[in-house]
K.L.:
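Shown below is the structure under consideration.
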Amino acid sequence: LFWWMGNTRKPPSPGSDRKSDESAVGRQAGPPTNPDTKKPLPIQLEGKVVVPSAPPVPDKKSGPVRVRIDQFTVTPEKLKAGQAFTVSWEVANATTVRITPGLDVVGSSGTKQVVPPPGTTAFVLQATGAGDGNSATAPRSVQIEPASARVVEFAGDHEQVAFGEPLRLRWRVSDATSVRIEPGPFVVDPEKGELTIPSVTTANEYKLTAVGPGGDDSAMWPIKVVPKILAFDAARFPDPQCEAAILRWTVKGASTISIDNGVGVVNALPYKRVRPLQTVTYTLTANGVGGSSVARTTVQGFRFNAACPQR
């Protein structure tokens with residue numbers, strides 16, 4: 001814009017003084033103004049008027065700050081089923097952070113132990129911020145190997161049984177597809193949890209094996225079998241010349257059988273005649289591979305008779 005600064009004063013009227021002239025000068029027209037701001041425009045010596053540029057206006061179309069995933073790790077990369085992964089993350093500018101499977105909605109940063117469900121192949125972090133389309137996603141692949149079977153418990157009701165008696169075995173297993181018990185063998189239901197062996201006749205170490213998709217596990221239960229004394233008693237022997245008593249017994253599973261108070265080993269005998277002069281308690285001992293069993297019986301004393309054995 002250009003304009004000329006010419007003399008706009010009117011000629012002084014007759015009789016006016018110097019002061020009037022100066023007042024007229026003060027009423028000269030001012031410089032042009034900016035039509036937007038109503039402020040005077042600066043003037044350069046050449047007479048050019050420079051209009052200052054307006055301050056920058058923020059771009060309202062740029063929208064909110066974008067979501068940023070600074071860290072997302074899952075360690076280790078491979079585990080057995082049922083074990084826990086360590087998941088760590090750090091996210092900026094997000095209003096919602098979600099990690100699947102196992103955690104769902106979480107804070108902007110943290111570290112958690114997570115046991116994922118079977119069949120999981122990856123953890124996924126999804127962060128969402130303000131505004132449409134303001135999100136970020138990060139997957140982390142993992143490998144979950146099939147679980148190995150594990151024997152939690154295996155035991156019998158007793159550590160020792162008498163020959164021919166039953167034995168109940170109990171167990172608890174995890175991640176097993178089948179269970180077998182030896183000797184037998186007995187193939188049993190993993191979930192059933194017990195088996196009764198109707199008759200144990202030899203000392204054994206029972207072994208339970210749990211079979212799983214990722215490996216097997218086993219446990220042992222030793223059992224001792226001792227002889228079983230079914231009967232041991234004394235009966236009067238009706239001899240009018242020499243009255244006495246008969247010791248009788250029935251034993252199973254014994255390698256040797258003996259009776260104290262001078263009777264001795266009676267393995268091959270069905271009974272033994274005794275004639276004590278005073279009341280005596282006889283003890284029968286049956287020995288086997290797994291241990292010993294005892295039984296007792298009492299015989300009343302007999303009158304002395306020189307013609308009869310005094311034992």
Side-chain angles (χ1 to χ4, degrees), residues 33-39 41-42 50-154 171-179 189-193 208-219:
T33 61
N34 188 318
D36 295 327
T37 63
K38 306 302 181 183
K39 294 182 179 180
L41 296 173
V50 179
V51 180
S53 59
V57 178
D59 185 5
K60 296 182 179 180
K61 294 183 179 180
S62 62
V65 181
R66 302 297 298 176
V67 169
R68 187 178 72 248
I69 299 176
D70 294 331
Q71 177 196 3
F72 182 43
T73 60
V74 179
T75 55
E77 295 181 355
K78 180 189 296 185
L79 280 178
K80 290 279 189 181
Q83 295 179 323
F85 289 88
T86 300
V87 181
S88 299
W89 70 94
E90 187 171 347
V91 179
N93 309 322
T95 56
T96 303
V97 180
R98 188 184 305 272
I99 298 176
T100 55
L103 289 177
D104 202 24
V105 178
V106 295
S108 60
S109 64
T111 298
K112 294 286 187 180
Q113 298 291 315
V114 183
V115 178
T120 298
T121 59
F123 286 86
V124 178
L125 183 150
Q126 186 173 20
T128 304
D132 294 338
N134 188 11
S135 63
T137 302
R140 294 293 181 267
S141 298
V142 294
Q143 295 183 34
I144 301 178
E145 298 179 338
S148 297
R150 186 168 70 93
V151 179
V152 180
E153 177 189 15
F154 178 52
W171 64 87
R172 285 191 299 119
V173 297
S174 62
D175 301 308
T177 56
S178 64
V179 171
D189 183 350
E191 302 299 326
K192 186 177 181 180
L208 180 143
T209 300
V211 179
D216 303 343
D217 193 18
S218 62

K.L.:
Which residues pass the side-chain contact (heavy atoms from CB on, under 4.5 Å) test with D132, not counting sequence neighbours?
P.N.:
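Once residues adjacent in sequence are excluded, D132 has no partner under the side-chain contact (heavy atoms from CB on, under 4.5 Å) criterion.
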
K.L.:
For P213 versus D175, what's the shortest heavy-atom pair and its separation?
P.N.:
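Minimum heavy-atom separation between P213 and D175: CD-O, 3.7 Å.
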
K.L.:
With V97 as reference, evaluate L103, V67, V106, T128 under the side-chain contact (heavy atoms from CB on, under 4.5 Å) test and give the passing residue.
P.N.:
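Single pass found, and it is V106.
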
K.L.:
Work out which heavy atom in D70 is nearest to a heavy atom in A92; give both atom names and the distance.
P.N.:
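In terms of heavy atoms, the two residues are closest at OD2-CB, 4.0 Å.
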
K.L.:
Show the numbers, then the answer: is there a side-chain contact (heavy atoms from CB on, under 4.5 Å) between L79 and V142?
P.N.:
CA-CA 8 Å; L79 280 178; V142 294; over 6 Å; no

K.L.:
Counting only N and O atoms by type, is there a donor-acceptor contact under 3.5 Å from the side chain of S148 to the main-chain atoms of G214?
P.N.:
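Yes; at least one donor-acceptor contact below 3.5 Å.
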
K.L.:
If you measure from OG on S135 to CD on Q126, what distance do you get to the nearest 0.5 Å?
P.N.:
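Between atom OG of S135 and atom CD of Q126 there are 6.0 Å.
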
K.L.:
If every non-hydrogen atom of A149 is compared with every non-hydrogen atom of A210, which pair is closest and at what distance?
P.N.:
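Closest heavy-atom pair between A149 and A210: CB-O, 3.5 Å.
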
K.L.:
Between A130 and T95, what is the shortest heavy-atom contact and its length?
P.N.:
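Closest heavy-atom pair between A130 and T95: N-CG2, 4.1 Å.
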
K.L.:
What verdict does the side-chain contact (heavy atoms from CB on, under 4.5 Å) test give for V114 and I99, after you've listed the backbone C-alpha separation in whole Å, the side-chain angles of each residue and the deciding distance to 0.1 Å?
P.N.:
CA-CA 11 Å; V114 183; I99 298 176; over 6 Å; no

K.L.:
Sequence neighbours left out, what pairs pass side chain to side chain donor-acceptor pair (under 3.5 Å) with at least one residue falling in residues 85-94?
P.N.:
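Listed by first then second residue: T86-Q113, S88-T111.
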
K.L.:
If you count every heavy atom of other residues, nucleotides or ligands that lies below 6.0 Å from K80 atom NZ, does the total exceed 12?
P.N.:
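Buried by this count: over 12 neighbours within 6.0 Å.
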
K.L.:
Could you state the interatomic distance from CZ (R172) to CG (L208), rounded to the nearest 0.5 Å?
P.N.:
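The CZ atom of R172 sits 12.5 Å away from the CG atom of L208.
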
K.L.:
Give, for atom CZ of R150 and atom OG of S218, the distance between the pair rounded to the nearest 0.5 Å.
P.N.:
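One gets 13.5 Å once the value is rounded to the nearest 0.5 Å.
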
K.L.:
Tell me the closest heavy-atom pair linking P190 and V173, and the distance in Å.
P.N.:
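For P190 and V173, the tightest heavy-atom pair comes out as O-CG2, 3.8 Å.
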
K.L.:
How long is the straight-line distance from OG1 of T177 back to CG of D216, given to the nearest 0.5 Å?
P.N.:
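Rounded to the nearest 0.5 Å, the CG-OG1 separation comes to 8.0 Å.
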
K.L.:
Compare every heavy atom of D189 with every heavy atom of E191, then report the nearest pair and how far apart it is.
P.N.:
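Of all heavy-atom pairs spanning E191 and D189, the closest is N-OD1, 3.0 Å.
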
K.L.:
Got a sec, which residues hit ring-ring contact (aromatic ring centres under 6.0 Å, His included) with F85, two or more places apart in sequence or on another chain?
P.N.:
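Checked F85 against ring-ring contact (aromatic ring centres under 6.0 Å, His included); matches are F123.
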
K.L.:
If you measure from CD on Q143 to NZ on K78, what distance do you get to the nearest 0.5 Å?
P.N.:
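Rounded to the nearest 0.5 Å, the CD-NZ separation comes to 4.5 Å.
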
K.L.:
Evaluate the side-chain proximity of V115 to Q83: yes if any heavy-atom separation is below 4.5 Å, no if none is.
P.N.:
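No; the side chains remain at least 4.5 Å from each other.
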
K.L.:
Is it the case that the side chain of N134 and the backbone of V65 share a donor-acceptor pair, with hydrogens and angles ignored and the cut-off at 3.5 Å?
P.N.:
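Judged by distance alone, yes, a pair lies under 3.5 Å.
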
K.L.:
At what distance, to the nearest 0.5 angstrom, does CD1 of I69 lie from OG1 of T137?
P.N.:
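Answer rounded to 0.5 Å: 6.5 Å.
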
